[in-house]
2 protein chains.
Amino acid sequence: MPEGDAEGDFGDDVEARAEHGTHSDAEDDTETGAATENGTPTGGRTRRRGKALLDAIYTAAVEEAAVARGGRLTMDAIAKRAATARSTLYRRWNDPTDLLLDALADLHPVEQPAPGADDLRGDLTRSLRLMCDWAFSPAGRAVMAIVANPGRDSAAVEALYERVFAARGGTFTQTVLRHYAEHGHFDPARLTPVVVDLGEALVTKRMMDTGADPGDDYLAAIVDQAILPAIGLDPAH
Amino acid sequence: MPEGDAEGDFGDDVEARAEHGTHSDAEDDTETGAATENGTPTGGRTRRRGKALLDAIYTAAVEEAAVARGGRLTMDAIAKRAATARSTLYRRWNDPTDLLLDALADLHPVEQPAPGADDLRGDLTRSLRLMCDWAFSPAGRAVMAIVANPGRDSAAVEALYERVFAARGGTFTQTVLRHYAEHGHFDPARLTPVVVDLGEALVTKRMMDTGADPGDDYLAAIVDQAILPAIGLDPAH
DNA sequence: ATTATTAGCTACAGTCGTGTATCTTAAAGT
DNA sequence: ACTTTAAGATACACGACTGTAGCTAATAAT
């Protein structure tokens with residue numbers, strides 16, 4: 001399973017930024033007139049309503065889920081990170097997972113690949129790059145925390161797929177593959193569930209093994225060594 | 001990402017068994033002379049030493065890690081599941097992760113594929129079946145809980161790879177692929193890190209998406225649609 | 001039988017997080 | 001300006017878990 005050295009871990013960068021954010025608590029804002037969690041100057045005031053409050057809560061939930069040690073998401077931690085009261089959270093959500101699902105649904109849509117006309121290899125590589133960038137975003141990390149946990153709550157996972165992924169129309173690479181198959185570049189019968197999942201599967205596994213972005217060379221290797229052969233366009237032939 | 005309905009979740013079966021195990025606490029054993037956690041009759045006694053105690057603790061740690069909701073592993077839960085005192089755990093380990101790593105190292109080795117002479121496709125499929133079976137074992141689940149968590153402890157992951165995986169020599173499919181390449185079935189230059197990781201990556205992702213064993217048909221599809229094309233033996237050609 | 005070791009039990013003080021209740025008052029609407 | 005709404009602050013009781021300490025006696029060795 002392990003190849004190469006771990007260059008860093010999923011959570012290190014976000015953790016550093018998150019610590020900074022957590023540091024500005026309500027009292028500090030009141031005294032110094034500093035900006036709130038989401039960067040909107042509030043003239044020393046701490047109360048927010050409507051979208052500003054929701055944004056702060058959603059951002060906090062996703063960031064907390066992305067970095068929580070032991071994969072544990074708590075109302076208390078979200079509230080602290082959002083610089084808001086727990087009672088405010090409990091007025092709307094029963095538990096942190098409900099909140100996180102709302103947050104993830106709100107943070108959609110994710111940027112989708114925009115395939116061109118005549119660069120299958122390039123478009124595939126770019127779509128994998130998009131996937132990597134998303135996967136290392138707080139939202140991507142939060143999703144991973146939900147999906148990958150063996151003790152996961154199956155209802156939460158189902159809700160995640162219905163509310164967050166259903167709007168997406170499949171994998172990042174699927175959009176590209178379907179486009180080029182429809183334009184006659186290869187036999188559409190090749191687009192099986194296995195083939196559609198290839199790119200993302202390899203990227204996901206690589207990230208789990210190394211804890212780091214796979215890098216553009218590895219993405220290109222995925223395209224050349226796995227995806228293209230699987231659709232009958234093996235560069236080595 | 002989602003394909004098909006979730007047939008079950010990672011943790012449901014083990015949880016049912018685990019609940020039963022947890023149910024026989026120390027007092028019950030003392031009163032009824034029932035077997036202890038690991039099935040060894042102790043004539044109504046609760047104290048164990050040496051291997052019997054370690055086995056109980058290791059089994060409990062791995063099972064607990066495999067099912068913990070919210071991904072949280074605690075000394076208290078392990079102690080309860082092992083029907084032993086926390087002080088016993090703290091005498092040897094500082095924290096539950098140290099204990100879990102010792103447990104996983106002890107539970108090795110995992111059964112390895114035994115490739116034959118002339119059935120590449122069958123041997124690949126069987127190796128993926130082995131991987132699935134391991135992945136759904138408590139040890140496999142516990143490993144997943146460590147590796148897949150975005151907020152993971154990088155030191156723990158490194159220790160896991162060094163102490164548990166280093167002894168394994170690569171992926172389940174790698175053993176088979178290397179064997180057949182050495183016997184001239186295909187060009188060994190095809191055995192890149194991407195290709196070696198293909199089978200396990202697809203299985204891992206499938207399990208994450210569905211929460212269930214992928215099934216033999218899907219394993220066969222992985223071999224036919226992804227692995228064989230990647231090594232230049234595309235059945236569709 | 002005696003001795004050494006340590007498992008298991010219990011207690012303690014402390015932290016973290018939960019879920020709820022209540023109050024003040026900032027923010028928004030009229 | 002006045003009214004309504006609900007955000008934020010605070011308190012409470014409780015459970016889970018932590019890490020430690022001390023004691024009894026079961027287990028293993030001699």
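The sequence lines fix the lettering, A, B, ..., with proteins before strands; numbering per chain opens at 1. Computed from a prediction, not measured in an experiment: that's the story for all the values here.
Across C:dC9, D:dA7, C:dG19, the shortest atom-to-atom separation from the side chain of A:T88 is found for D:dA7. Listed candidates were D:dG8, D:dT20, C:dA7. Nearest to the side chain of A:T84 is D:dG8. Of the candidate nucleotides C:dG8, C:dG17, C:dT24, C:dT24 has the atom nearest to the side chain of A:R47. Each of D:dT18, C:dG17, C:dA27 was ranked by its minimum atom distance to the side chain of B:R86; first place goes to D:dT18.
Between the CZ atom of A:R92 and the C1' atom of D:dA6 there is a distance of 9 Å, given to the nearest Å. The distance between atom OH of A:Y90 and atom P of D:dG8, rounded to the nearest whole Å, is 16 Å. Distance CZ (A:R48) to C1' (C:dA28): 16 Å, rounded to an integer number of Å. The separation between A:R72 atom CZ and D:dT18 atom P is 10 Å, rounded to whole Å. Between the P atom of D:dA9 and the CG atom of A:L89 lies a distance of 12 Å, rounded to the nearest Å. Distance CD1 (A:I78) to P (C:dG19): 12 Å, rounded to an integer number of Å. Here the C1' atom of nucleotide D:dT20 and the CG atom of B:N94 are 13 Å apart, to the nearest Å. Distance, A:R81 CZ to C:dG17 C1': 16 Å, rounded to whole Å.
For the side chain to side chain contact (heavy atoms under 4.5 Å, CB included) criterion with B:I222, the lone passing option out of B:L198, B:T173, B:V203 is B:V203.
For the pair B:R152 (side chain) and B:V147 (backbone), a donor-acceptor distance under 3.5 Å is present. Not one N or O on the side chain of A:R86 forms a donor-acceptor pair closer than 3.5 Å with the backbone of A:D76. In this structure, A:T88 contributes its side chain and A:T84 its backbone to no donor-acceptor pair below 3.5 Å.
Using a 3.5 Å distance cut-off with no hydrogens or angles, the side chains of A:D209 and B:Y161 do pair a donor with an acceptor.
Residue-to-nucleotide proximity on DNA chain D shows that, of B:R91 and B:D95, the 5′-proximal contact is made by B:D95. In terms of position on DNA chain C, the residue among A:T74 and A:S87 whose nearest nucleotide sits closer to the 5' end is A:T74.
Considering only side-chain N and O atoms, A:R49 lies nowhere under 4.0 angstrom from the phosphate OP1 or OP2 of C:dG29.
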